[in-house]
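Pasting a structure below so you can have a look.
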Amino acid sequence: MDEAQTPLARWWVTRVLVAAAAVVATMFALRLVFEALSELSHVIVLVVFGVVIAFALAPLVDRIQRVVRRRGVAVALTALSALVVLLAAVASLAVPLVRETRELAVDVPRYAAMLSSDEPFSIGGLEISGEVRQRIGAEIGARLGDWSQDAARAALRVGAGVIDFFFIFVLGVYLLASGPQVRRWVQSVLVPQKQRAEFLRIEAEAARLFGAYIRGQLLLGLIVGTVSGVAYFALGVPYAVLLGVLAGIFELVPIVGPIVAGGVAAAVALTQPFPLVVWVVLAALAIQQLENNLLVPRISGGAVGLHPLAALLAVLVGVEIAGLIGALFAVPLTGLAWSIYRARRETLSVSGAPRSA
């Protein structure tokens, strides 16, 4: 019996080893590709976000095109509407964001001085000794200069960021306007005749998956950011608008982002009298429950079709390979690969099934 099972056991071991080696080789190859393209990383990021804008605005273009019957006019009206909404949002948030950022810049040295004091204090009933406070204050003081320099460099990059956004928006509008022509050119020139049906199927699945995922994440970010900002403002948390904006941005990173946003809000609440941090943590947990049980099923639904554990692993691998961009797009890319695999498996099972007489 043991001799009969030995070849099968060896076959399974070989299969597992080959699969593990293939995964490692793929990750290593992707890492080499990203390192080779590191010099063009800024341009790649701009192009990626241009594609995001195109996917986000595509449904509105299609709806307007059904009315005006001309794609160019539909794209122009969509771009104008998006600019109006964006300018209105920036105008409504600019003043409180600038005020809170200025307050934060003034308060950070005060917090550092408070932490560097040798007097003990308590957080939530837990007493922090003076020695620990001095160590924390020394560490923050050592990094304060670096943070100030980073803030100054970030302020100097505001102008460059405006130019980058203009380029991203123009690229997204161009992709919307010329998307059908580019699609036809790729299909007729780059795809062989025998593979065009498979190409069209994969393209349709990718457009559906990426479009649903991107629009869902942007809507989730808007809702979660707004709810978080209102909740923190009602609780009296400092920098409530800034924390709300950060919560909306972190929401774009699946699973990990909301946890980081809640941690940042709790860290800010620690600078206030004790009960506030408890209410902030409870509010962050309530917002996550609202997101997981109500918003995500209704907005995103099963667009990606991944188990939460698989999505978490995809995010971790994406961060390791390509940083923030990898974290943003690891889930839809993994979902697309899984969708293609399932479709191929179903096709093979149907083609291999015995025909009935």
* Asked: For the residue pair Leu243 and Pro238, what are the closest heavy atoms and their distance?
  -> CD1-O, 3.7 Å
* Any donor-acceptor pair under 3.5 Å linking the side chain of Arg70 with the backbone of Gln65? -> no
* With no hydrogens and no angle check, is any side-chain donor or acceptor of Gln217 less than 3.5 Å from a backbone partner on Glu251? -> yes
* Asked: Could you state the interatomic distance from CD1 (Ile259) to CZ (Phe250), rounded to the nearest 0.5 Å?
  ->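 Answer for the CD1-CZ pair, Ile259 versus Phe250, is 12.0 Å.
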* To do: Work out which heavy atom in Val268 is nearest to a heavy atom in Tyr239; give both atom names and the distance.
  => CG1-CD1, 3.8 Å
* Polar side-chain atom of Ser228 near backbone of Gly225 as donor-acceptor pair, under 3.5 Å -> no
* With a 4.5 Å heavy-atom cut-off, do Pro258 and Val224 have their side chains touching? -> no
* Asked: Do you reckon Val237 sits in the same ILVMFWY cluster as Val278, going by side-chain contacts under 4.5 Å, direct or chained?
  ->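 Val237 and Val278: one cluster.
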* To do: Go through Val280 and Tyr232 one step at a time and tell me if the side chain to side chain contact (heavy atoms under 4.5 Å, CB included) criterion holds.
  => CA-CA 7 Å; Val280 167; Tyr232 297 149; 4.1 Å; yes
* Do Val230 and Leu235 belong to the same hydrophobic cluster, where Ile, Leu, Val, Met, Phe, Trp and Tyr are linked whenever their side-chain heavy atoms lie under 4.5 Å apart, directly or via other members? ->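 In one cluster with Val230: Leu235, no.
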* Asked: Of the non-hydrogen atoms in Ala56 and Leu218, which two are nearest, and what is the gap between them?
  -> CB-CD1, 3.7 Å
* To do: Please lay out, stage by stage, how Phe169 and Leu83 fare under the test side chain to side chain contact (heavy atoms under 4.5 Å, CB included).
  => CA-CA 9 Å; Phe169 190 82; Leu83 276 179; 3.6 Å; yes
* Non-hydrogen atoms of Ala231 and Ile287 that approach each other most closely ->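 The answer is CB-CD1, 4.5 Å.
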* **Point-to-point distance, once rounded to the nearest 0.5 Å, from CG of Leu86 to CD1 of Ile53** =>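 CD1 of Ile53 is found 8.5 Å from CG of Leu86.
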* Leu93-Leu242 co-clustered via ILVMFWY side chain contacts under 4.5 Å ->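 Per the 4.5 Å side-chain linkage, Leu93 and Leu242 are co-clustered.
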* To do: Taking all non-hydrogen atoms of both residues into account, name the closest pair between Ala266 and Val281 and its distance.
  =>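 For Ala266 versus Val281, the nearest heavy atoms are CB-CG2, 4.1 Å.
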* Structure fact -> d(Leu60 CG, Arg215 CZ) to nearest 0.5 Å is 10.5 Å
* Using the rule that two of Ile, Leu, Val, Met, Phe, Trp, Tyr join whenever any of their side-chain heavy atoms come within less than 4.5 Å, decide whether Leu282 and Val277 are in one cluster. => yes
* Can you name the nearest heavy-atom pair linking Leu175 to Ala54, along with the distance? -> CB-CB, 4.0 Å
* To do: Could you check Leu171 against Leu46 for side chain to side chain contact (heavy atoms under 4.5 Å, CB included), going step by step and ending with a plain yes or no?
  => CA-CA 9 Å; Leu171 178 61; Leu46 297 182; 5.8 Å; no
* To do: Check whether Leu57 and Val47 end up in the same hydrophobic cluster, where Ile, Leu, Val, Met, Phe, Trp and Tyr are linked by side-chain heavy atoms less than 4.5 Å apart.
  => yes
* Verify, without hydrogens or angle tests, whether Arg71 (side chain) and Leu176 (backbone) share a donor-acceptor contact under 3.5 angstrom. => yes
